[in-house]
Amino acid sequence: MTEIGDRFQALRDRAEAEYAAWRNPERPRIDVADDTSARANGGEATRAALRQLIEQRGAAVELGSNHGYGMQWLQPLVTITWPDGASVVYGPVTADRVALIVDEATGRVGAAAELAIGVVAGDRPGIPSIREHPFFACEPGERRLLRNIGLTDPESLEHYVATGGYRAFARALDRHLEPQAVRKLLADAAITGRGGAYFNTGVKWNFLAGAPGSDHYVVCNADEGDPGAWVNRVILEGDPHLLLEGMVTGGYAMGATRGFIYIRDEYPLGIERVESAIAQAEAAGLLGENILGSGLTVTLEVIRGAGAYVCGDETGLLSSIQDMRGMPRIKPPFPANSGVFYEPSNVNNTETYANVPFVMRHGAEWYHELGTAEMRGTRLFTFSGDIERTGVMELPFGTALPDVLTACGGISDGGTLKALAAGGPLGSILPAALLPTLNTTLNTFRAHGGSMGSGGMVFISDRWCTIHLNELNSEFVEEESCGRCTTCHGGNQRMTEIFRRLIGGGGRRDDRHNLEMIDSTIQQSNCQHGQLSPTVMRNTLRHFSSEYDEHALGHRCSTLRCQGLTRFVIADQSDPALPEAAAICPVDAFHGVDGARWIDDEACVRCGACEDLAPRGITREAVPVAPAIVRI
Ligand SMILES: Cc1cc2nc3c(=O)[nH]c(=O)nc-3n(C[C@H](O)[C@H](O)[C@H](O)COP(=O)(O)O)c2cc1C
């Protein structure tokens, strides 16, 4: 074996021994999910309660961490691993239920049966495999990108190496695989960019490899600004070495010796995990100078995002890395010729890089086993909104979206689906009637004037008003405009004004025409932020035309969501929650006494706080429509 092979084998032996001991611990181990979703749902309180109880009882169990299995609605998730290697996931394990988990782990079999979700490794009598859970009905039998999630400690390099990590990269170095052969492999596999444009990654890597100059950079876009998307976060927090291996392979294949990982500041745990993974990989000789003694140098560095949506645009991101205002540049030149510090650079999304190690390990044909001829492989999707089960799934391209909605448990609270919002504020909003025609490929969305985006999908129930949603969206794209193009910042201001008027009850006959004019004007903007910002509005005028007309011409909102078209009234004077609802009113709009209360409509600001507190006592009703002549 060569020096490279020897060094990697030594690391692998050590890693495998360590991972085997973790998988088959001497004493049962309770791993509390430690990811943003778990933390947001009380995971840290669960850990503290477990620690306290274990100490109090002197229980013979260990406490550890993993990443949640993707079932966000069941957080905080906890996994028990027994010495025989069996692992079971439980949830939601709130702080007040930790005794059941400690009982179960210490031998009272069945104590936590009511919280058991499924077996993730080995066998446990009476508990089904987690793969049988209906939430995973659309996932392939075996996960690819998520294969380590829940089964490793994301903070351990050894766990990543023991499960096959860095092996293909070390082999490429060891066998002096031509960089060109790596790029060809990726192009053959047809990995497409997961940032939303789905351009062939191998072809893109050829652009940088062929660019003049010796200072080439690899850049990772982990800005993930789309509301409703947290797919990149799962990789950053759950398997950070997957990203690093993809990037260091990229450095090798494209002749880049330096790279940046641009992570949004709102992902502090992702930043922490990736920074720690970089330090571990450097210490193990897998990153940095003279990798595994091969002479190859690739250094990676985390850059904290500046909190602007346009910094997710690849050229806005490049400017931001240089400490310049996050303003998208004028193209051409493209990043492959003039990127970070105006040197040739390649920008890929986090998940795009994360796919690379798998293709290096298993080849293009294996990659083609899942997906469609048009879009190969799998991708991560996060599903949220008005559904029973929110979470992350790894789906082959081409998965039918009605099946996904079923896997998500359908629409919550007995509602019905009204719309699917995909791809964030620049993505699309398509009506429920089209759902049977949609699957997880670009073209099914494009056929209806929409786009699939970069993994975030929000199911919207019939409780919501699409005109109200457009106002929120419009306000977002206006605020996030970088300000370079008048067409974009001015156009989005005008679009927002019109939607504000529509929800305020001041719709005008010529609003549709004006919105269409704004749409064609914004197309003249420099970057895609501007060009794509009217898409949701365009979808609305086309697919929710009658709802639009109802607001603009009829001055009504049948969902009773729009501020100027709806008012709050007392529906049930006997509701005991009314005094509390009256007390919370920020503008003191409640008058009268118990049994004879009323709301002053002139004062009410429609915040809805009273309705939240007293849903039986307070209801919404349409405001009477004023004579049309007043509004013309
Ligand atoms: C306003 C705007 C925001 C964007 N945000 C992101 C983002 O958060 N993450 C991302 O990967 N791509 C984002 N993109 C797309 C990137 O410009 C670029 O296409 C992508 O990073 C390329 O990587 P890929 O080829 O791996 O998809 C955004 C584009 C625009 C116009």
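Note that the numbering runs from 1 along the sequence shown for the chain. All ligand and atom numbering here is 1-based and tracks the order in the structure.
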Subject >> Gln75 side chain vs Leu77 backbone, donor-acceptor pair below 3.5 Å >> reply: yes
Original post:
Where is the tightest heavy-atom contact between Glu478 and Gln493, given as atom of each residue plus distance?
Top reply: OE2-CG, 3.2 Å
**OP:** Taking the side chain as every heavy atom from C-beta outward, state whether Ile191 and Val359 have any atom pair closer than 4.5 Å.
**Re:** yes
Original post:
Is a salt bridge present between Asp35 and Arg39, judged by a nitrogen-to-oxygen distance below 4.0 Å?
Top reply: no
Subject >> Flag, side chain of His543 to backbone of His448, donor-acceptor distance under 3.5 Å >> reply: yes
Subject >> Under 3.5 Å donor-acceptor, Asn526 side chain and Arg329 backbone >> reply: yes
Original post:
What residues sit with at least one heavy atom under 4.0 Å from ligand 1?
Top reply: Gly193, Arg194, Gly195, Lys204, Asn221, Asp223, Glu224, Gly225, Tyr309, Gly312, Asp313, Glu314, Val347, Asn348, Asn349, Thr352, Leu426, Gln528, His529
